[in-house]
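Report on the following structure.
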Amino acid sequence: MLLTITNYQSPATDLGYLLHKNPANLHSFDLSFGHAHVFYPETHDDLCTAALLLDVDPVGLVRNRRGPAGEGGLLDQYVNDRPYVASSFLSVAIAKVFGTAIGGRSKSRQELADTAIPLSARISVLPCKPGEAFIHDLFEPLGYEVTTQRHALDEKFPEWGESPYYTVELKAEVRLQDLLSHVYVLVPVLDAEKHYWVGDDEVDKLMRHGEGWLAAHPHKEVIVKRYLKYRHHLAQEALSRLADPDQPDPDAAEAAHAIEELAIESPLKLWEQRLGSVVSVLKAQGVKRVLDLGCGEGRLLRELMEEKQFTEIVGMDVSHRSLEIASDRLRMDQIPPKQKERIRLLHGSLMYRDKRLEGFDAACVVEVIEHLDPPRLAAFERVLFECARPHKVVITTPNVEYNVKFETLPAGKFRHKDHRFEWTRDQFRAWAATITQRFGYSASFLSVGPEDPSVGSPTQMGVFSR
Ligand code: SAH
């Protein structure tokens, strides 16, 4: 299975910077379903092609139960088209191998990453049972010139007729990030099979990679339904999120999980200690205008309102429901006008640059980062430290080393089902070091809650200053 991407804008070899893969080398990656290799068959100043070769292991697929279901016939599990065609395996490989590029980031060519450039992509074998017109219907509204070539089932036996396989070439002036996102979403839509069970996080992935184009696509309904393999409740959720992009997922599971987390941590009254520590750091630093990012149900906001020092308090969250609860908790409809001037609740996402977050003395991000998967964490880093750039940032996150001390938490489990990670103290410091280095901040660290000599405290806090 081969995907090639060609850049026609001189110096075309800058494609290597955009993909974060040096054109001079062969790059190989182990994936759960096989191997991926990236190499450059052509490198000229006016044309440079990168190839992603996917080597899917059919026996490994059966072992990992990712291949076609076995009931229909055992042979089908081992002998099938998966190793040879573009499918959702390609999407997984793109996300893994070109994760930085699909996130729109480039260390040394950011401006180029942000620019539409003449690119083409060629997918050597793409299965599409609905036929050729469907391929055109999906890619042409996105501005591509689409060329398709249908393959016969077997060249030696033309009487057998045509196969459902096509070679597809897409050409456009487009940002590389968009090209990769389009391929990421639309290849599994064209292919009828999906190699893994479609879970709730697939909706998030679809929203993330469909951002900026899917909502306006004339065939968005069929794209969403086929991408989610006709799991109706997921498709409905995705379509309603697309219909109103200002209302991203309020994260239905969040509330229930948050209660579990409170129960695990409650013997320590940890959340009270956490808020107390955040408020005292802000007070000691002379902060007046403060943001609470991912403010949830507004516990910290309520503490901040108690302190006259804070003249402007802004809470932001992606979840409407949490903001409603926060508004009730703060009795927003009852507070006197003078007090009301001090506080605002904003609906917004930390994934997007937001002018409303600029110009503050400090931002608090309390128990939020562990909810962000790697591409979201990366987006958040730039939104906060590069764009909003408050003078101080106070971040808290669980210290996973302490989890052994929670009697009700099974070994190896996180405190909250939605946590994407929980870091050791070293991991948090290592992450903080990348932040200070990239964005010109310094960092210091505090512990929150009872300190254990070997595993530290339950919550860790980083205070970033510039
Ligand atoms: N800071 C609060 C809530 C922590 S729970 C407290 O300490 O009580 C994590 C919060 O982050 C949730 O309210 C969730 O809705 C919010 N969140 C998650 N992803 C977000 C995003 N991308 N943008 C803004 N808020 C987000």
Side-chain angles (χ1 to χ4, degrees), residues 103 200-201 203-205 207-208 211 241 245-266 268-279 281-282 290-305 313-330 344-354 356-357 362-384 387-388 393-398 414-422 448-449 458-462:
D200 291 353
D201 62 341
V203 178
D204 287 335
K205 286 185 198 156
M207 292 299 119
R208 197 155 67 237
E211 197 198 321
R241 279 166 68 178
D246 293 336
Q247 295 194 18
D249 180 23
D251 203 349
E254 182 83 28
H257 296 163
I259 291 170
E260 287 168 24
E261 186 177 19
L262 270 181
I264 289 163
E265 294 183 341
S266 71
L268 301 174
K269 289 229 180 266
L270 194 52
W271 63 269
E272 276 180 17
Q273 298 187 35
R274 202 148 51 210
L275 300 186
S277 309
V278 174
V279 172
V281 167
L282 296 174
V290 58
L291 290 166
D292 182 10
L293 302 176
C295 63
E297 299 176 358
R299 287 198 199 94
L300 175 62
L301 296 172
R302 199 171 54 180
E303 302 293 318
L304 295 170
M305 282 299 277
I313 303 165
V314 173
M316 185 174 99
D317 205 284
V318 75
S319 157
H320 265 302
R321 203 186 37 228
S322 295
L323 289 174
E324 270 167 25
I325 299 172
S327 174
D328 286 348
R329 174 169 281 176
L330 294 160
R344 262 177 304 141
L345 295 178
L346 301 178
H347 180 235
S349 165
L350 292 167
M351 298 304 100
Y352 308 108
R353 176 184 193 151
D354 191 333
R356 298 174 300 177
L357 306 183
C364 312
V365 191
V366 177
E367 307 295 287
V368 174
I369 58 170
E370 62 277 8
H371 293 263
L372 307 176
D373 58 15
R376 288 178 180 211
L377 184 63
F380 159 79
E381 291 165 6
R382 292 191 58 201
V383 166
L384 178 57
C387 305
V393 175
V394 181
I395 295 186
T396 76
T397 193
F414 291 154
R415 296 178 205 178
H416 187 303
K417 287 203 182 69
D418 190 48
H419 285 180
R420 304 303 153 106
F421 59 83
E422 287 180 356
V448 179
T459 297
Q460 41 187 345
M461 178 189 283

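Both counts, for ligands and for their atoms, begin at 1 and track the order of listing.
The ligand atoms of ligand 1 that sit less than 4.0 angstrom from a heavy atom of Ser319 are 15 (O). Within the listing of ligand 1, atoms 2 (C) sit less than 4.0 angstrom from a heavy atom of Cys295. Interface atoms of ligand 1 facing Arg299, defined by a heavy-atom separation under 4.0 Å, are 8 (O). When each atom of ligand 1 is checked for a heavy atom of Glu367 under 4.0 Å away, the hits are 4 (C), 5 (S), 9 (C).
Within a 6.0 Å sphere centred on CZ of Arg353, other residues, nucleotides and ligands contribute 12 heavy atoms or fewer.
Annotation: Met316 places no N or O atom under 3.5 Å from an N or O atom of ligand 1; distance criterion only. Considering backbone and side-chain N/O of Asp317, one or more are found under 3.5 Å from N/O of ligand 1. Of the N or O atoms in Met351, none lie within a sub-3.5 Å distance of an N or O in ligand 1.
Between His371 and His416, the two ring planes are perpendicular [angle over 60°; tilted spans 30° to 60°].
No side-chain donor-acceptor contact under 3.5 Å links Ser327 to the backbone of Leu323. Under a 3.5 Å cut-off, the side chain of Thr396 and the backbone N or O of Glu367 do form a donor-acceptor pair. The backbone N or O of Arg420 lies less than 3.5 Å from no partner atom in the side chain of Glu370, so there is not a single donor-acceptor pair.
The nearest non-hydrogen atom to atom 19 (N) of ligand 1, considering only Leu372, Leu377, Leu350, comes from Leu372.
Contact analysis puts Gly348 in contact with ligand 1, with a non-hydrogen atom separation below 4.0 angstrom.
Of the residues Ile369, Leu350, Leu293, the one that meets the side-chain contact (heavy atoms from CB on, under 4.5 Å) test with Leu384 is Leu293.
With no hydrogens or angles considered, a side-chain donor-acceptor pair links Arg274 and Thr459 at under 3.5 Å.
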